[in-house]
Number of protein chains: 2
Amino acid sequence: MTIRQGARVELAADGLCCSSVLEAPLGEAEAEGLAQVLAALADPVRLRLLSLVAGQGEVCSCDLEAPLGRSQPTISHHTRILAEAGLISGEKRGKWTWWSAVPGRLAEVRRALGA
Amino acid sequence: MTIRQGARVELAADGLCCSSVLEAPLGEAEAEGLAQVLAALADPVRLRLLSLVAGQGEVCSCDLEAPLGRSQPTISHHTRILAEAGLISGEKRGKWTWWSAVPGRLAEVRRALGA
DNA sequence: TCCTCCTATTGACAATCATCGATGTGAGAT
DNA sequence: ATCTCACATCGATGATTGTCAATAGGAGGA
């Protein structure tokens with residue numbers, strides 16, 4: 001994940017487009033895509049990370065180590081996974097990478113989870 | 001998971017009660033609980049299993065092997081995980097175990113995932 | 001230029017997980 | 001009692017995952 005200066009990190013986040021879990025039966029491909037996003041959410045550290053980012057608008061990675069109690073490589077690992085799931089996106093400005101929640105992505109997940 | 005005859009299988013499903021991911025910051029305990037339920041959902045086979053159960057009202061385990069393309073022990077493994085997450089519940093009648101979606105549980109997850 | 005700071009990547013390790021074959025269990029049927 | 005069927009459990013295995021120390025990359029400042 002090489003981030004150029006000023007470039008938004010918007011990593012391949014598949015649509016989660018049409019059907020939901022309650023519109024049975026869920027297809028294999030749709031299940032695969034939804035499972036991937038849910039796997040990104042299925043970690044307590046990433047849930048709290050997303051919560052922090054969503055609550056503060058913009059957060060740099062260095063401000064996440066202390067509240068989450070994890071090392072810098074681990075934080076980088078988790079931001080990467082959340083970004084790949086389309087849940088957050090990062091912008092590199094100067095030495096810092098600023099992370100923010102992708103608007104509507106969580107709503108997309110909720111919608112895929114049912115009516 | 002020993003299921004007695006006629007007894008509903010309702011395995012310890014914590015409340016997911018109050019706060020949501022968007023009400024930052026999410027506490028450690030709440031993140032842990034939510035992550036556990038999301039982990040149960042973060043598998044394509046389990047998503048399709050839940051979809052089948054929700055769509056048909058009541059399904060016995062034997063009717064899941066073919067559409068999901070997994071062995072009987074694997075199906076049993078997945079039903080157990082979904083039941084422990086409070087997403088489905090099983091009732092043993094005769095030789096069969098009938099699974100059905102727990103009403104409102106998925107809505108609880110959606111609510112915990114944001115407004 | 002060199003130095004410092006922030007972040008991404010690599011490599012390794014322990015833990016967890018999805019899967020299946022083999023076996024155990026318990027209920028109905030003969 | 002014995003047989004059969006549906007399901008749970010056990011044991012093993014290959015794959016994935018969360019974590020951190022060490023290292024690399026890249027930007028700003030002196």
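Note that the structure is predicted; figures quoted are calculated from it, not measured. Each chain gets a letter, A, B and so on, in the order the sequences are listed, and its residues count up from 1.
Separating the CG atom of L68(A) from the C1' atom of dT19(D) is a distance of 14 Å, rounded to the nearest angstrom. Atom CD1 of I75(A) is separated from atom P of dG18(D) by 13 Å (rounded to the nearest Å). In this entry the distance linking NZ of K95(A) with C1' of dG28(D) reads 6 Å, nearest Å. Distance W96(A) CH2 to dT4(C) P: 16 Å, rounded to the nearest Å. Between the P atom of dA12(C) and the NE2 atom of H77(A) lies a distance of 17 Å, rounded to the nearest Å. A straight line from CD of Q36(A) to P of dT16(D) spans 12 Å, rounded to a whole angstrom. Rounded to an integer number of Å, the gap from K92(A) NZ to dG25(D) P is 12 Å. D43(B) has its CG atom 18 Å from the P atom of dT16(C), to the nearest Å.
No N or O donor and acceptor, one from the side chain of Q72(B) and one from the base of dA6(D), sit under 3.5 Å apart.
Closest to the side chain of P73(B), from the set dT9(D), dA8(D), dT7(C), is dT9(D). The side chain of C62(B) lies closest to dC7(D), out of dC20(D), dC7(D), dA8(C). Side-chain atoms of I81(B) lie closest to dA18(C) of the nucleotides dA8(C), dA8(D), dA18(C). Closest contact between the side chain of S76(A) and the listed nucleotides dA6(D), dC6(C), dA8(C) involves dA8(C).
For the atom pair CG (L38(B)) and CG (L113(B)), the distance works out to 6.0 Å, reported to the nearest 0.5 Å. Rounding to the nearest 0.5 angstrom, the gap separating the CD atom in E23(A) from the CD atom in E30(A) is 9.0 Å.
The side chain of H78(B) contributes an N or O atom lying less than 4.0 Å from OP1 or OP2 of dT19(C). For the pair R80(A) and dA8(C), the criterion of a side-chain N or O lying under 4.0 Å from OP1 or OP2 is not met. For R46(A), a side-chain nitrogen or oxygen approaches OP1 or OP2 of dG18(D) to under 4.0 Å. Taking 4.0 angstrom as the limit, T74(A) places none of its side-chain polar atoms (N or O) nearer than this to OP1 or OP2 of dT19(D). Using a 4.0 Å cut-off, some side-chain N or O of R70(B) falls inside it from OP1 or OP2 of dT19(C).
A chain of hydrophobic side-chain contacts below 4.5 Å, direct or via other Ile, Leu, Val, Met, Phe, Trp or Tyr residues, connects L52(A) to L22(B).
Heavy-atom contacts from other residues, nucleotides or ligands closer than 6.0 Å to CD of E28(B) number 12 or fewer.
Checked for salt-bridge contact, R111(B) and E108(B) miss the test: no charged N lies under 4.0 Å from a carboxylate O.
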